[in-house]
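Here is the structure we will look at, set down as structure tokens.
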2 protein chains.
Amino acid sequence: MARIDGARLLADLRELSRFGAFMTGVDRVALSATDIEARRWLVGKLTAAGLDASMDRVGNVVGRAPSVGKAILIGSHTDTVPKGGWLDGALGVGYALEVARSAMEASEPTGIGIDVVSFEDEEGTWLPFLGSRSYFADLDQSEIAAARSKDGATLAEALASIAGEPPPHRFDPARQVAYLEAHIEQGPRMEAAGRRIGVVPALVGIRRFRVRSHGAANHAGTAPMAMRRDAGAVMIALGASLQTDFRLHSGPDTVWNVGNMIFRPGAANVVPGEAEMLFEFRDIDGSAMDRLEEHFTALVEAARRGTVGAASGEPLSEPVKIDVETIVRIPPTRLAADLGDAIAKAAAARGEEPAWLPSGAGHDAMVAARFMPAAMMFVPSIGGISHDVRENTSDADIVFGCEVLADAVEQLRRHMPQ
Amino acid sequence: MARIDGARLLADLRELSRFGAFMTGVDRVALSATDIEARRWLVGKLTAAGLDASMDRVGNVVGRAPSVGKAILIGSHTDTVPKGGWLDGALGVGYALEVARSAMEASEPTGIGIDVVSFEDEEGTWLPFLGSRSYFADLDQSEIAAARSKDGATLAEALASIAGEPPPHRFDPARQVAYLEAHIEQGPRMEAAGRRIGVVPALVGIRRFRVRSHGAANHAGTAPMAMRRDAGAVMIALGASLQTDFRLHSGPDTVWNVGNMIFRPGAANVVPGEAEMLFEFRDIDGSAMDRLEEHFTALVEAARRGTVGAASGEPLSEPVKIDVETIVRIPPTRLAADLGDAIAKAAAARGEEPAWLPSGAGHDAMVAARFMPAAMMFVPSIGGISHDVRENTSDADIVFGCEVLADAVEQLRRHMPQ
């Protein structure tokens, strides 16, 4: 088994959390001054550990193991959402630093080294997966030129402060043979199941829709029920039918959400003339997603006819115009089974049965997996909380996760073709 | 039959619509400069017709027939909603002016005269029914002191510009024996039924509720369906069940509305932690309203248990806290049957079968009916549109309505005890 220094890992994570510290969490959005400071701190730590490390001009930090022909790339991201937690992203980078540093200290004779990465802007303050997409040369200059934050500031301006850094780090397929990313679960499943290690077979695909209905605003006292074109009532019926239908037809890993509902004009005494709903669903099975989308489309059609939510096929309402806009359509991402198995075996060897659970959120591994074998490992989130200052994982679980990752990496370095 | 001057009526209504003219409608909110100008114009018209007319210091205009011991009070209001129509309120005041003026011109020997009123702020820019509540001494000074517009301006300041006018006009129960108010229907029922005169047996009561659910915001990808406390899904299920339940249990005159739905934080990828709904229903039958409220309360209870919208009694969701706040509770108002009959007979005598239809909106007659016998008459709204610059009624229907009202008033003046 590999040996890591748990106290040092925790100390590094705590030190990292001071950059942008906010209440009990961290506010360190991509390309902010604190984000860049934290990345410079990471370059220092990697350099001190003996890696060739630098931050490039998009903010990616890469530390390369010296004197090896091949390497396993380990990492995640050190940017956060606004008012976020201290572990989302940071944990995976802290693990990468500790695993690489411990391996350098152990000086085991293997031709496969450990490279470390912290990708920029995984959270999408400017452009989701900016760093990993840059690293895998999956990004047009035109996308960078067009990207803006929610406040309207341009990514191009935000990048100006690091324009003097070296050209972008790029993935080297001849060298980097696998990508491993550890992350907090950001959900309650492992805690509920009493599992300390999660292995991720796949990241879910996402289909997200904006549904708009256009009826006629009317006085809610004087317009008789039968003569209304109530855009809100149709949207409520559609939302309720979606919930019922998805409950019946979803798979074990499907999740869905009506995240927003807007009525206009939104007054108690006015029949809504327009309504809007945000609906999304996620699954790791693309063909299951196709079937669910057929259900969604059929219910929208029923809503157009006014029959959604009707016990009989009789229309409940006058026809209301309904538009559907597809906002997001991301396919599911399968991860490398052999790499996942290595993590699972490492957990079992330390007496912990791993949980196999898909990732419901996106991660840099989703980008990496399109270009190289990639795997992800989860540790539990206390209370399932993330993207919040209360985000946390017990020290014991943090250290144990790093030990399992280190063991898995050790086995891979020994047994992968060199 | 009474004789009125239809061309003069239409000319007066068009002249009145120039005060605050906005596109094809009128923007003449209570106590605005144009509202006060219009009221001074009305005082001039009433005075020219031979009435003793003045505007008081809350903006009410009253014109009293000279030399009579008793009078029928006819009127409505001349304030409008912002960007409103030219007939809402104005029609009833125009009718009152024309009916009183024609009667004065006819000089028929009767001891019952015709008084005319334009109440201030029926639309509630500052305080709904400010004028009629002042007239019937149903208003505390403390309410006036506390009232503010949506913009936060105080009613007290708005009244300052007319503080030099005479003290408030008051209802004189020894003199005024009946209140008659003509109004546009503000709905599509008369047009759909091909009726030119509507007689209002009652004004609906209103019960209006704000329902709030408090769950837990969560990542819509990582939180499994079974472990969510989705405040939005509960609200959608409650809204859908209310629609279905009210469709089953409502009476012929019940109307209801889910006027607004708010989800927080309202993002596609976040399970709503809080949701809010505005729900109201209206009916002219108080005990039917009690029964409907029991249905409403039972569904809210089911929503609290997580069983609303469930085919079985099994909870669909983790418990979510739900609050209900009663915002409005106005009882139904019955109008005087003998006065309504007089209008219906006058319509029938001119060859038009009247429609009997409750008023789904509030009117000054609702206040008046608590203090004296009151009746309302409707004329059709083209397309059912009101509170909009497109609000309109055909010239022929406007004139015909005034003829019917004049006939009814003539009969009442002849046959009421003097």
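Atom set for the values below is all heavy atoms of this structure, side chains included, hydrogens, waters and symmetry mates excluded.
Taking A/G232, A/A216, A/P224, A/A223 one by one and counting their heavy-atom pairs under 4.5 Å with chain B, the maximum is reached by A/P224. Annotation: maximal heavy-atom pairing with chain B below 4.5 Å, among A/V270, A/I262, A/V204, occurs at A/V270. When each of A/P265, A/P272, A/A240 is checked for heavy-atom pairs under 4.5 Å with chain B, A/P272 comes out on top. Between chain A and the residues B/S381, B/G384, B/G266, the most heavy-atom pairs under 4.5 angstrom are made by B/G266. Of the listed residues (B/A217, B/G187, B/A220), the one with the most heavy-atom contacts under 4.5 Å to chain A is B/A220.
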List the steps and the verdict of side-chain contact (heavy atoms from CB on, under 4.5 Å) for B/F263 and A/L278. CA-CA 11 Å; B/F263 283 18; A/L278 288 177; over 6 Å; no
side-chain contact (heavy atoms from CB on, under 4.5 Å), that's the test. Do B/M225 and A/T254 meet it? Break it down for me. CA-CA 8 Å; B/M225 299 309 294; A/T254 316; over 6 Å; no
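Contact detail for A/H219 and B/G360: the closest heavy-atom pair is CE1-O, 4.2 Å. Pairing each heavy atom of B/M227 with each of A/A192, the nearest pair is CE-CB, 3.8 Å. The two residues A/T222 and B/R189 have their closest heavy-atom pair at O-NE, 4.0 Å. Heavy atoms only, all atoms of each residue included: A/Q243 and B/A233 are closest at NE2-CB, 3.6 Å.
Residue pairs satisfying the side chain to side chain donor-acceptor pair (under 3.5 Å) criterion with at least one member in residues 257-273 of chain B, sequence neighbours excluded, are listed as follows: B/R264-B/E276.
No more than 12 heavy atoms of other residues, nucleotides or ligands sit less than 6.0 Å from atom CZ of B/R390.
Partners of A/F209 under the ring-ring contact (aromatic ring centres under 6.0 Å, His included) rule, at least two apart in sequence or in another chain, are A/F296.
Proximity to chain B (any heavy atom under 4.5 Å) is shown, for A/Q186, by both the backbone and the side chain. With a threshold of 4.5 angstrom between heavy atoms, A/I236 approaches chain B through its backbone and through its side chain.
Note that CE of B/M277 and CE of A/M261 are 11.0 Å apart. Values are rounded to the nearest 0.5 Å.
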